[in-house]
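Remember, predicted model here, so these are calculated numbers, not experimental data. Scope of the values below: all heavy atoms of this structure, side chains included, with no hydrogens, waters or symmetry mates. Naming convention: chains lettered A, B, ... in sequence-line order (proteins, then strands); numbering from 1 in each chain.
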Amino acid sequence: DAKTTQPNSMESNEEEPVHLPCNHSTISGTDYIHWYRQLPSQGPEYVIHGLTSNVNNRMASLAIAEDRKSSTLILHRATLRDAAVYYCIRSDSWGKFQFGAGTQVVVTP
Amino acid sequence: KAGVTQTPRYLIKTRGQQVTLSCSPISGHRSVSWYQQTPGQGLQFLFEYFSETQRNKGNFPGRFSGRQFSNSRSEMNVSTLELGDSALYLCASSLGQAAGANVLTFGAGSRLTVL
């Protein structure tokens, strides 16, 4: 079971964009890429997901490489409330989630 | 609408005992999945139930089991507890019909401490 690979931590200034990379080099053609985030003492919260093309929603954007071996979550303007652990996840055709180790995002005022 | 509710939120057990955790999904959600979160292993998939049937299973020993009821509520049980079972157990629900595109809603978790 190949998991996703993410940096341990990233730091950003408030109101600056944050680009969170994720490597999923062994992804299969039917696996979806999901991003969730987890604040302390809470369960993970959905951020965004996609299959092949780039996706945007009110929280973030997801840029998926053409070969699908990597993706980047983009938080356009980081706020203090965006400080959390961000998980890049592969979801297979059965809906089984494979979580990565997560990236701790620190936002500095 | 009400979110995913997990009970109890905290519990302490001793080695050898068993424990049952409960999860009430969002109304209308037919899929419930369970995850174990530890500092060393991160978030690991335990199993998933859809319409009372186990549809997916992770790589955990048989001491870990679960079930789902006709109202979609789910329970997981861990028998013969070991120290290493100390973890945050998270439950997530979804509509369950979109395979890899299913969006999960997580509960706040049940924190189990085994002494």
Side-chain angles (χ1 to χ4, degrees), chain A residues 1-9 22 24 26-53 55 57-60 62 64 68 71 73 84-104, chain B residues 2-7 9-10 21 23-26 29-51 53-60 66 87-111:
Chain A
D1 285 338
K3 295 183 178 180
T4 58
T5 305
Q6 305 174 244
N8 289 335
S9 65
C22 179
H24 29 79
T26 60
I27 196 168
S28 73
T30 55
D31 288 356
Y32 276 77
I33 300 153
H34 288 248
W35 284 83
Y36 282 67
R37 69 182 185 182
Q38 187 174 24
L39 280 70
S41 303
Q42 295 186 24
E45 171 191 36
Y46 171 77
V47 176
I48 200 166
H49 76 285
L51 183 61
T52 55
S53 52
V55 184
N57 66 22
R58 63 175 181 81
M59 289 183 71
L62 175 60
I64 301 171
R68 299 209 331 123
S71 61
L73 176 70
V85 177
Y86 285 76
Y87 292 99
C88 174
I89 303 153
R90 287 173 51 179
S91 178
D92 65 19
S93 56
W94 292 98
K96 183 177 175 180
F97 275 40
Q98 294 279 6
F99 278 79
T103 297
Q104 175 71 61
Chain B
V4 177
T5 303
Q6 292 189 245
T7 57
R9 289 293 313 279
Y10 302 91
L21 308 177
C23 174
S24 293
I26 288 175
H29 284 190
R30 295 167 63 188
S31 169
V32 173
S33 51
W34 290 88
Y35 295 81
Q36 181 195 65
Q37 185 172 30
T38 60
Q41 298 297 319
L43 274 147
Q44 294 185 285
F45 172 77
L46 281 156
F47 30 66
E48 185 230 356
Y49 287 86
F50 180 81
S51 292
T53 300
Q54 187 180 87
R55 192 163 63 172
N56 280 304
K57 190 177 189 304
N59 298 321
F60 278 81
L88 180 66
Y89 290 89
L90 290 157
C91 160
S93 75
S94 74
L95 292 171
Q97 294 171 304
N102 279 319
V103 172
L104 304 183
T105 302
F106 283 84
S110 292
R111 170 116 11 228

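A heavy-atom distance below 4.5 Å is not found between the side chains of A:L73 and A:Y87. Side chains of A:S71 and A:W35 form a contact here, defined as non-hydrogen atoms less than 4.5 Å apart.
Note: A:F97 and A:F99 have tilted aromatic rings, judged against thresholds of 30 and 60 degrees for the angle between ring planes. Taking the six-membered ring where the residue is Trp, B:Y35 and B:F106 present tilted rings, their angle falling between 30° and 60°.
In terms of non-hydrogen atom pairs under 4.5 Å with chain A, the most contact-rich of B:N102, B:V4, B:L88, B:L104 is B:L104. By number of non-hydrogen pairs under 4.5 angstrom with chain B, the leading residue of A:E45, A:Q42, A:H49 is A:H49. Among B:A101, B:G96, B:C91, B:G42, the residue with the largest count of heavy-atom pairs under 4.5 Å with chain A is B:A101.
Side-chain polar atoms of A:R90 and A:T4 form no donor-acceptor pair below 3.5 angstrom. In this model, a donor atom of one side chain and an acceptor atom of the other lie less than 3.5 Å apart for A:Y86 and A:R37.
Contact of B:L90 with chain A is made through the side chain alone, with heavy-atom distances under 4.5 Å. Within the 4.5 angstrom heavy-atom criterion, no atom of B:Q6 approaches chain A. For A:D92, the part sitting under 4.5 Å from any heavy atom of chain B is the backbone (N, CA, C, O) and nothing else. Residue B:F50 does not touch chain A at all, counting heavy-atom pairs closer than 4.5 Å.
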